[in-house]
Amino acid sequence: MSNLKVIGIGEWQVSRDPGDLLVTYALGSCVALVLQHPSTMTAGLVHILLPDSFNQAGHQKSPGHYADTAVPLLIRKLLGTAGISSLSGTGLSAKLIGGAATLLNDSHFHVGKRNIVAMEQLLQRYQIPLMGRDTGGSVARTVTVEVATGTVVVRYAATRKEVII
């Protein structure tokens, strides 16, 4: 029996329970970051809205909404759940999904593309290898992470296409 854990925009979840399925729906220009620590079978997922929290005075949301605050948060939560005290040499890996240009006006702001670039830079800064990705395009996606196996399944909203990364 699987325990479905739904992650909304700006939310995150970390689990070591092999019965858990982490899922986030409707990734358009948003990105989902999956962090995994295979040797402890720990997985985390965050649904990120924007690339950074700068210039958000008066509009500040939870740290999961912004790449620059969500990434360090998810790292801390995952390391804590896995019982690891330091990021260095842990075997942590990442998968990145989303960052589509789903709206006509998105071409002006390039939110999806900016989210992808921000995530790539943050993962490089934290020296976390990006082991899989399904980014860009113009279609929304749903992401499911099977904690027991580490499998990440990406489903496209407009079609029945499914990708395993």
Side-chain angles (χ1 to χ4, degrees), residues 2-25 27 29-57 59-100 110-136 141-154 163-165:
S2 296
N3 304 313
L4 187 64
K5 307 284 184 176
V6 178
I7 294 97
I9 296 171
E11 295 178 351
W12 61 90
Q13 185 74 236
V14 174
S15 177
R16 286 182 72 171
D17 183 338
D20 282 353
L21 291 174
L22 309 179
V23 64
T24 193
Y25 298 100
L27 284 172
S29 60
C30 294
V31 291
L33 173 65
V34 176
L35 291 182
Q36 297 174 305
H37 189 256
S39 64
T40 61
M41 295 182 67
T42 307
L45 173 65
V46 62
H47 185 141
I48 299 167
L49 178 66
L50 294 169
D52 61 61
S53 58
F54 306 119
N55 300 318
Q56 299 298 323
H59 297 87
Q60 195 68 16
K61 298 181 184 294
S62 78
H65 281 86
Y66 310 105
D68 64 332
T69 53
V71 172
L73 170 77
L74 192 63
I75 291 169
R76 279 194 315 275
K77 298 291 186 182
L78 190 128
L79 293 178
T81 301
I84 300 168
S85 59
S86 170
L87 180 59
S88 179
T90 62
L92 201 62
S93 65
K95 293 180 181 175
L96 182 63
I97 303 97
H110 305 288
V111 176
K113 187 174 190 172
R114 288 177 35 231
N115 279 337
I116 294 167
V117 169
M119 294 304 297
E120 291 168 341
Q121 291 171 346
L122 286 160
L123 292 171
Q124 187 174 31
R125 179 185 314 153
Y126 287 102
Q127 298 179 348
I128 299 172
L130 185 56
M131 303 303 287
R133 69 185 306 152
D134 187 56
T135 56
R141 300 160 171 93
T142 292
V143 179
T144 304
V145 180
E146 298 174 8
V147 174
T149 64
T151 301
V152 177
V153 179
V154 180
V163 177
I164 296 175
I165 59 171

side-chain hydrogen bond (donor to acceptor under 3.5 Å, both in side chains) evaluation trace for T24 with H47: CA-CA 7 Å; T24 193; H47 185 141; 2.5 Å; yes
Provide the closest heavy-atom pair for [X] versus [Y] in the form atom of the first, atom of the second, distance.
| X | Y | result |
| --- | --- | --- |
| T69 | P63 | OG1-O, 2.7 Å |
| Q36 | L78 | N-CD1, 4.4 Å |
| V145 | L45 | CG2-CD2, 4.5 Å |
| V147 | A43 | CG2-CB, 4.3 Å |
| C30 | N115 | CA-ND2, 3.9 Å |
| A100 | R141 | CB-NH1, 3.9 Å |

With [X] via side-chain contact (heavy atoms from CB on, under 4.5 Å) - residues at least two apart:
| X | result |
| --- | --- |
| A118 | P51, A67 |
| D68 | D52, S53, F54, Y66 |
| L87 | I75, L79, T90, L92, Y126, I128 |
| V6 | L4, V23, Y25 |

Does some side-chain heavy atom of [Y] sit less than 4.5 Å from a side-chain heavy atom of [X]?
| X | Y | answer |
| --- | --- | --- |
| V143 | V152 | yes |
| L33 | L74 | yes |
| T42 | V14 | yes |
| L22 | T144 | no |
| I165 | M131 | no |
| I97 | T135 | no |

Go through the steps for R16 and M41 under the test side-chain contact (heavy atoms from CB on, under 4.5 Å), then give the verdict. CA-CA 6 Å; R16 286 182 72 171; M41 295 182 67; over 6 Å; no
What's the spacing between [X] [atom1] and [Y] [atom2] if we round to 0.5 Å?
| X | Y | atom1 | atom2 | result |
| --- | --- | --- | --- | --- |
| L35 | T81 | CG | OG1 | 11.5 Å |
| L96 | L123 | CG | CG | 7.0 Å |
| N3 | D20 | CG | CG | 5.0 Å |
| T40 | H37 | OG1 | NE2 | 5.0 Å |
| K77 | S15 | NZ | OG | 14.0 Å |
| T149 | L21 | OG1 | CG | 8.5 Å |

Sequence-distant partners of S85, side-chain hydrogen bond (donor to acceptor under 3.5 Å, both in side chains), two or more places apart: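 If we apply the side-chain hydrogen bond (donor to acceptor under 3.5 Å, both in side chains) test to S85, skipping adjacent residues, there are no hits.
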Give me the one residue out of L50, V46, I9 that meets side chain to side chain contact (heavy atoms under 4.5 Å, CB included) with H65.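 Output: one option passes, namely I9.
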Verify, without hydrogens or angle tests, whether S29 (side chain) and G112 (backbone) share a donor-acceptor contact under 3.5 angstrom. no
Does Q121 offer a backbone N or O that forms a donor-acceptor pair with the side chain of Q124 under 3.5 Å? no
Using side-chain contact (heavy atoms from CB on, under 4.5 Å), reason through V163 and V153 one step at a time and then give a plain yes or no. CA-CA 6 Å; V163 177; V153 179; over 6 Å; no
Residue pairs passing the salt bridge (charged side-chain N to carboxylate O under 4.0 Å, His left out) test with at least one member in residues 118-131, sequence neighbours excluded, are E120-R133
